[in-house]
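Structure, as structure tokens:
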Number of protein chains: 2
Amino acid sequence: MSFMNFSKTTEYAFRILSYMAMDERKLYISRDIHKDLQIPFRYLRKQLTSLSKSELIHSVQGKNGGYMISKPLENISLLDIMDAVGDNSLESSCFFGFQTCALKEKCTMHTKWALVLKSIKDVLTTTSLSELKESGPHSFISNNNLLFTKN
Amino acid sequence: MSFMNFSKTTEYAFRILSYMAMDERKLYISRDIHKDLQIPFRYLRKQLTSLSKSELIHSVQGKNGGYMISKPLENISLLDIMDAVGDNSLESSCFFGFQTCALKEKCTMHTKWALVLKSIKDVLTTTSLSELKESGPHSFISNNNLLFTKN
DNA sequence: CATAAATGACACCTCGGGGTATTATTAAGC
DNA sequence: GCTTAATAATACCCCGAGGTGTCATTTATG
Ligand code: SF4
Ligand code: SF4
């Protein structure tokens with residue numbers, strides 16, 4: 001009985017990217033990301049290979065391999081991250097969940113909700129990884145991961 | 001790959017209540033609501049009996065029975081409707097989906113996202129059924145239900 | 001070239017939101 | 001009081017997001 005939050009996958013992507021933004025030229029390995037971000041290991045692996053097919057990060061295979069951010073941090077917005085995982089849930093849609101609506105004059109919620117979505121989208125487009133870099137959750141996680149629920 | 005929208009159950013509740021707001025003293029029967037709102041019949045029935053255990057609507061059993069709104073329209077906000085279906089997804093929570101966070105100084109998204117949630121919540125608390133009454137989706141649906149996707 | 005340390009591919013499982021089927025109960029009205 | 005038209009209760013089913021298990025592939029390094 002809930003859901004007006006992001007999907008786990010999207011949340012995880014936010015964590016991963018903001019974590020890797022700590023050092024944009026470092027090659028991160030999945031094991032470390034897992035330890036610090038509390039994402040189930042194999043699911044994280046799956047998501048990392050999936051993400052490395054996007055423009056945001058790329059992978060290096062073989063020994064000493066890992067993942068690295070591909071673009072300047074200021075060019076990666078939170079919305080870009082949502083795009084990368086195929087989350088398009090911010091596309092404006094009917095507040096009531098109708099697929100089809102032929103109301104000539106739109107109902108009250110139509111404009112109200114469009115505005116809400118736009119404001120959310122604005123926040124997510126204007127927030128880039130460079131902005132998160134200093135204040136991101138990593139700063140806490142990396143040296144205090146014991147405090148998180150161990151799943 | 002999505003989900004920043006409401007759950008089906010919440011959307012349905014929005015539809016149902018804004019529909020019943022058309023005439024606040026009319027006793028609506030599930031069959032008619034189903035016809036007009038394109039909600040799967042048996043699921044609608046389940047949700048109606050569930051809703052009638054809330055403060056928002058009550059049911060009348062037996063022949064000629066049905067459902068009616070219980071409170072003045074201006075006293076029912078969209079957030080009240082979410083409450084009625086147990087959707088508390090607007091409770092402010094960690095943007096990154098962490099259950100525990102001991103950051104002394106909160107990260108950038110913490111405040112940003114709290115503001116977003118607050119603005120959403122504001123819209124939903126200040127919008128009451130009385131405001132939706134005239135412009136609600138019903139005004140279209142009730143006489144144009146052919147235009148909706150069948151099923 | 002053998003080994004180890006990393007990612008990639010692929011098949012499978014789980015669980016809860018959403019949806020269905022059936023039977024019981026209530027009450028109007030002839 | 002029998003029938004009929006409504007809701008109530010209960011149990012079950014389905015599917016996809018999220019999560020797991022196993023094996024294959026790539027590459028550094030001695
Ligand atoms: S006008 Fe109202 S019912 Fe129609 S699509 Fe917009 S929000 Fe939905
Ligand atoms: S400070 Fe950041 S990481 Fe911590 S709870 Fe708030 S949003 Fe989440």
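Chain letters run A, B, ... following the sequence lines, proteins first, then strands; residues in each count from 1. Computed from a prediction, not measured in an experiment: that's the story for all the values here.
Straight-line distance from the CE atom of B:M20 to the P atom of D:dT7: 10 Å, rounded to whole Å. When the P atom of C:dA11 is taken as reference, atom CZ of A:R42 falls 17 Å away, rounded to whole Å. Spacing between atom CD1 of B:I39 and atom P of C:dG17 amounts to 18 Å, rounded to whole angstrom units. Taking atom OH on A:Y43 and atom P on C:dA11, their separation rounds to 18 Å, with Å as the unit. As a whole-Å value, the separation of B:F41 CZ from D:dA5 P is 13 Å. In this structure, B:I57 places its CD1 atom 13 Å from C1' of D:dA8, rounding to the nearest Å. Look at CZ on B:F6: it is 17 Å from P on C:dG17, rounded to the nearest Å. Taking atom NE2 on A:H34 and atom P on D:dG18, their separation rounds to 18 Å, with Å as the unit.
Residue pairs satisfying the side-chain hydrogen bond (donor to acceptor under 3.5 Å, both in side chains) criterion with at least one member in residues 53-70 of chain A, sequence neighbours excluded, are listed as follows: A:H58-A:S70.
Residues passing the side-chain hydrogen bond (donor to acceptor under 3.5 Å, both in side chains) test with B:S77, sequence neighbours excluded: B:D80. With sequence neighbours excluded, the residues that form a side chain to side chain contact (heavy atoms under 4.5 Å, CB included) with B:K112 are A:V123, A:T127, A:E131, B:T108, B:M109. Taking A:S130 as the reference, A:L73, A:E74, A:S128 meet the side chain to side chain contact (heavy atoms under 4.5 Å, CB included) condition, with sequence neighbours excluded. Applying the salt bridge (charged side-chain N to carboxylate O under 4.0 Å, His left out) rule to A:K121 yields the partners A:E91; only residues at least two apart in sequence or on another chain are considered. For A:K71, the salt bridge (charged side-chain N to carboxylate O under 4.0 Å, His left out) criterion is met by no residue, not counting sequence neighbours. Applying the salt bridge (charged side-chain N to carboxylate O under 4.0 Å, His left out) criterion to B:D32, with sequence neighbours excluded, gives no partner residue.
Within residues 44-54 of chain B, the residues approached by DNA chain C to less than 4.0 Å at the level of any non-hydrogen atom are B:K46, in residue-number order.
Mapping B:I29 and A:Y12 onto DNA chain D by nearest heavy atom places B:I29 closer to the 5' end of the strand.
OP1 or OP2 of C:dG8 has at least one side-chain nitrogen or oxygen of A:S59 nearer than 4.0 Å. Residue B:S30 places none of its side-chain N or O atoms closer than 4.0 Å to OP1 or OP2 of D:dA6. Checking the phosphate oxygens (OP1, OP2) of D:dA17, no side-chain nitrogen or oxygen of A:T9 falls inside 4.0 Å.
Among the nucleotides D:dT20, C:dG18, C:dT22, the one closest to any side-chain atom of A:P40 is D:dT20. Of the candidates D:dA8, D:dG21, D:dG18, the closest approach to any side-chain atom of B:Y67 belongs to D:dA8.
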Please step through side-chain contact (heavy atoms from CB on, under 4.5 Å) for the pair B:I81 and B:L56, ending with a clear verdict.
-> CA-CA 8 Å; B:I81 297 174; B:L56 304 185; 4.0 Å; yes

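Distance alone, capped at 3.5 Å, is enough to place a donor-acceptor pair between the A:T126 side chain and the A:D122 backbone.
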Tabulate protein N/O versus nucleotide N/O from nucleotides 25-30 of chain D, keeping only pairs under 3.5 Å, one per line.
from: D:dT26; atom 1: O4'; to: A:Q61; atom 2: OE1; distance (Å): 3.3
from: D:dT26; atom 1: O2; to: A:G62; atom 2: N; distance (Å): 3.3
from: D:dT27; atom 1: O2; to: A:K63; atom 2: N; distance (Å): 3.4
from: D:dA28; atom 1: O3'; to: A:N64; atom 2: ND2; distance (Å): 3.2

